[in-house]
Amino acid sequence: MKIGFIGAGKMAQALARGLINSGRITADNIIASSPKRDEFLLDQCKQMGLNTTHENAEVVQKSDVIFLAVKPVHVSKVASEIAPALSKEHLVVSIALGITIRNIESLLPTKSRVVRVMPNTPSVVRAGASAFAMGSACRDGDAETVERLLSTVGFAVEVPEIHIDPVTGLSGSGPSYMFAVIEGLADGGVKVGLPRDLALKLAAYTLLGAAKMVLETGVHPAQLKDDVQSPAGSSVYGMHKLESGGLKGILMDAVEAATNRSRATG
Ligand code: NAD
């Protein structure tokens, strides 16, 4: 299978690296494009062994699956450039925030096979969480193809398109919430006397470990939390502070606010 990236920025490079590292696709079967003004991004792609071009149509001619990995504002221009080169044999996978399947389909030849993905930045370290929705002309097997490709950079799941905005509010925007949590925990550690570097590492590993426990044990997080809290122990004292500040309500508000924002801009 040949893979093309229109756009050679952070997300395209993260996906390309994941595909290569997984051993599923070799670098010489991947091509990426970018305008001349962003030559440095193509240089980075070349260092990974990818083929590169300034011509978006060339990406289509040389690929079976084409990722639209440009900023949303560039999608319509790119779509008009690639439309003449597209056939029903191509699968177009858009990762552009807020651009609906119907919108992309309307810019491409009829019956184009379109998939919309909401990835997140931890894809860069192969710990991403992506959800994808299938367009009306997709064929049997397309969802499996997309799942196989996206899972090289983390967890990937198919959802109805109506869920893409909530996914944006949760896992799409979630890394930024969790960076703030890590920063806050580290600040707390510094306040009680830990060196900054150590506090930051402990905070980050704590989130990583808690997430792995939820995923690997399958035990409900409320149960895991109860297991940590011994009577009159320090954890329950800390938890009382968090609940007094409305931790869970604030997180729910954040997901809802980001979802609504995504709906309003989509
Ligand atoms: P980026 O700015 O790093 O990369 C964008 C790329 O598009 C660059 O290589 C740029 O040269 C290229 N480009 C611009 N105009 C072009 C054109 N006319 N033809 C071809 N290439 C062109 O952006 P990114 O962070 O990789 O994001 C890419 C897409 O992924 C965006 O639509 C964004 O909404 C989406 N996304 C990003 C994240 C994230 O966390 N970074 C998460 C979810 C979705």
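Read the numbers this way: they start at 1 and go in the same order the structure lists the ligands and their atoms. Nothing here was measured: the structure is a model prediction, and the numbers come from that model. For the numbers below, each heavy atom of this structure counts, side chains included, while hydrogens, waters and symmetry mates do not.
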inquiry  = Heavy atoms only: which of Thr121, Asn56, Val70, Ile99 lies closest to atom 19 (N) of ligand 1?
reply    = Asn56
query = Just by distance, do the side chain of Gln13 and the backbone of Ala8 share a donor-acceptor pair under 3.5 Å?
reply = yes
message = Under the side chain to side chain contact (heavy atoms under 4.5 Å, CB included) test against His90, which residue among Val114, Ile82, Ile66 passes?
response = Ile66
task = For Arg116 and Ile164, indicate whether the former's side chain and the latter's backbone hold a donor-acceptor pair under 3.5 Å.
result = no
Atom 42 (C) of ligand 1: the protein heavy-atom neighbour that sits closest, reported with distance to 0.1 Å = Pro119 O, 3.8 Å
note = Within the 4.0 Å heavy-atom cut-off, what Ile95 brings close to ligand 1 is both
inquiry  = Geometry only, no angles: is Met11 polar-contacting ligand 1 at N/O separations under 3.5 Å?
reply    = yes
inquiry  = I'd like to know whether Arg196 forms a salt bridge (Lys or Arg N to Asp or Glu O under 4.0 Å) with Asp187, so could you lay out the CA-CA distance, the side-chain angles of the two residues, the decisive distance to 0.1 Å, and finally the verdict.
reply    = CA-CA 8 Å; Arg196 169 68 60 184; Asp187 283 349; 2.7 Å; yes
query = Which atoms from ligand 1 have a heavy atom of Asp38 less than 4.0 Å away?
reply = 10 (C), 11 (O)
request  = Considering heavy atoms of the protein only, find what lies nearest to atom 4 (O) of ligand 1 and give residue, atom and distance to 0.1 Å.
outcome  = Gly9 CA, 3.3 Å
task = Give the numbers and elements of all ligand 1 atoms closer than 4.0 Å to a heavy atom of Lys71.
result = 2 (O), 23 (O), 24 (P), 25 (O), 27 (O), 31 (C), 32 (O)
task = With the side chain counted from C-beta on, respond yes when Thr152 and Asn21 share a heavy-atom pair under 4.5 Å apart, and no when they do not.
result = no
task = Report yes or no: does a heavy atom of Pro35 sit under 4.0 Å from some atom of ligand 1?
result = yes
message = Please enumerate all residues that pass side-chain hydrogen bond (donor to acceptor under 3.5 Å, both in side chains) together with Thr110, with sequence neighbours excluded.
response = none
Any N or O of Lys10 closer than 3.5 Å to N or O of ligand 1 = yes
request  = Indicate yes or no: does an N/O atom of Ala8 lie under 3.5 Å from an N/O atom of ligand 1?
outcome  = yes
Close-contact set for ligand 1 against Arg37 heavy atoms, below 4.0 Å = 14 (C), 15 (N)
key: Results of side chain to side chain contact (heavy atoms under 4.5 Å, CB included) for Tyr177 - residues two or more places apart only   = Ser173, Ala254, Val255, Ala258
task = In sequence, state the C-alpha distance, the side-chain angles, and the governing distance for Val228 and Leu224, and then conclude on side-chain contact (heavy atoms from CB on, under 4.5 Å).
result = CA-CA 7 Å; Val228 176; Leu224 293 170; 5.8 Å; no
ask   = For atom 8 (C) of ligand 1, what is the nearest protein heavy atom, given as residue, atom name and distance?
value = Leu41 CD1, 3.6 Å
ask   = So which bit of Met118 gets within less than 4.0 Å of ligand 1, heavy atoms only: side chain, backbone, both or neither?
value = side chain
ask   = Hey, which atoms in ligand 1 end up nearer than 4.0 Å to a heavy atom of His74?
value = 14 (C), 15 (N)
query = Are any of the side-chain nitrogens in Lys77 or Glu81 under 4.0 Å away from the carboxylate oxygens of its partner?
reply = yes
query = Ser34 heavy atoms, cut-off 4.0 Å: which ligand 1 atoms fall inside?
reply = 8 (C), 9 (O), 10 (C), 11 (O), 12 (C), 21 (N)
query = Hey, is the main chain of Ile101 close enough, under 3.5 Å, to the side chain of Glu161 for a donor-acceptor pair?
reply = yes
request  = Indicate whether the side chain of Asp43 and that of Gln47 have a donor and an acceptor atom separated by less than 3.5 Å.
outcome  = no
ask   = Can you tell which of Ala69, Gly7, Ala12 gets a heavy atom nearest to atom 5 (C) of ligand 1?
value = Ala69
query = By number and element, which atoms of ligand 1 are closer than 4.0 Å to a non-hydrogen atom of Val78?
reply = 17 (C), 18 (N), 19 (N)
